[in-house]
Amino acid sequence: KQEVTQIPAALSVPEGENLVLNCSFTDSAIYNLQWFRQDPGKGLTSLLLIQSSQREQTSGRLNASLDKSSGRSTLYIAASQPGDSATYLCAVGLRGNNRLAFGKGNQVVVIP
Amino acid sequence: GAGVSQSPSNKVTEKGKDVELRCDPISGHTALYWYRQSLGQGLEFLIYFQGNSAPDKSGLPSDRFSAERTGGSVSTLTIQRTQQEDSAVYLCASSLSRGKIVPEAFFGQGTRLTVV
């Protein structure tokens, strides 16, 4: 069974610092990995999708890397802003059963 | 609309009552998923629909839970005889599925269910 772990569970950083969020998974046989953002009481917003053949994806201040062999992904958010405060969820696309396995999230607070 | 739409956004029901949750996927998306997010837990897979194929119901927690998808579009998740442990946010997602590939999933805003 695929287990997805996100560390740290919660963190606070001052505005302007770079954010580093870690995701690990136990089974490297994945199709892709997706990072989502969830605001309190809201649904999930897709941030970045990395296919299993890719090493990283970038969108604006966001960069996500994928090391499939070691079962790790990292989401970098450059020059954090208070508006980046949210929970960030990592999900891996599982081979063979068309579903996503989620971590419990990194809860981020950016302090103005 | 352009995104996945879920209704109602909030639902409070009494223990033992039945509830129906609705999901309108993005137009043209053939794959539809239901997930559940309980307090302090990660998202839990419930059910997956792909086109006209038989749904993957392996994540449904009990026989009180059922779902259908009419005309390959709108889906309804039904919970019969609700229990307090059913309280959670129920999230629907859709994607352009291509066989066994798992493409980018787009989620709705969720339905927050509270069973009192």
Side-chain angles (χ1 to χ4, degrees), chain A residues 1-7 9-10 21 23-54 57 59 62 64 66 68 86-107, chain B residues 2-7 9-10 21 23-26 29-51 53-60 88-112 114:
Chain A
K1 180 186 174 184
Q2 178 74 268
E3 299 286 343
V4 181
T5 304
Q6 292 187 246
I7 296 172
L21 306 178
C23 172
S24 62
F25 47 95
T26 54
D27 186 347
S28 62
I30 64 170
Y31 272 125
N32 57 28
L33 185 144
Q34 197 166 353
W35 281 93
F36 294 90
R37 169 184 172 138
Q38 186 174 32
D39 292 284
K42 304 290 186 181
L44 276 63
T45 300
S46 179
L47 297 174
L48 290 167
L49 171 70
I50 312 175
Q51 300 294 346
S52 61
S53 58
Q54 297 175 318
Q57 280 287 334
S59 176
L62 276 61
L66 174 64
K68 201 172 65 167
T87 296
Y88 293 83
L89 294 164
C90 167
V92 297
L94 305 179
R95 286 185 177 273
N97 60 20
N98 292 288
R99 65 180 73 170
L100 294 169
F102 283 84
K104 293 185 179 180
N106 306 107
Q107 187 174 6
Chain B
V4 177
S5 177
Q6 292 188 245
S7 61
S9 55
N10 282 284
L21 313 179
C23 172
D24 275 286
I26 293 173
H29 279 193
T30 55
L32 186 147
Y33 310 78
W34 284 97
Y35 288 84
R36 176 169 72 174
Q37 186 177 34
S38 303
L39 189 64
Q41 301 297 314
L43 270 77
E44 172 191 13
F45 168 80
L46 297 177
I47 188 168
Y48 162 68
F49 295 90
Q50 169 53 39
S53 301
D56 176 358
K57 304 180 182 179
S58 59
L60 295 178
V89 176
Y90 289 82
L91 290 158
C92 174
S94 70
S95 68
L96 274 170
S97 182
R98 295 184 288 271
K100 294 294 186 182
I101 301 297
V102 182
E104 187 173 12
F106 296 88
F107 280 78
Q109 295 298 299
T111 293
R112 180 175 297 278
T114 304

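Just so we're on the same page: letters track the sequence lines, and every chain starts at 1.
- Closest of all the heavy-atom pairs between A:Lys104 and B:Gly42 is CG-N, 3.7 Å.
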Report the C-alpha separation of B:Leu43 and A:Leu44 in whole Å, then their side-chain angles, then the decisive distance to 0.1 Å, and conclude whether the side chain to side chain contact (heavy atoms under 4.5 Å, CB included) test is met. CA-CA 11 Å; B:Leu43 270 77; A:Leu44 276 63; 4.1 Å; yes
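- Because its NZ or CZ atom is not both nearer than 6.0 Å to the ring centre of B:Tyr48 and within 45° of the ring axis, A:Arg99 does not count as a cation-pi partner of that residue.
- Heavy-atom distances place no part of A:Gln6 under 4.5 Å from chain B, backbone and side chain included.
- Per-residue heavy-atom pair counts under 4.5 Å with chain A were compared for B:Arg112, B:Gln41, B:Gln37, and the maximum is reached by B:Gln37.
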List the steps, then state whether ring-ring contact (aromatic ring centres under 6.0 Å, His included) holds for B:Tyr35 with A:Phe102. CA-CA 10 Å; B:Tyr35 288 84; A:Phe102 283 84; 5.5 Å; yes
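- With hydrogens and angles disregarded, a donor-acceptor distance shorter than 3.5 Å links the side chain of A:Gln34 to the backbone of B:Ala105.
- Around atom NZ of A:Lys68, more than 12 heavy atoms belonging to other residues, nucleotides or ligands sit under 6.0 Å away.
- Residue A:Gln107 qualifies as open at atom CD: its count of foreign heavy atoms under 6.0 Å is 12 or below.
- The contact between A:Leu89 and chain B is made entirely by side chain atoms (from C-beta outward), counting heavy-atom distances below 4.5 Å.
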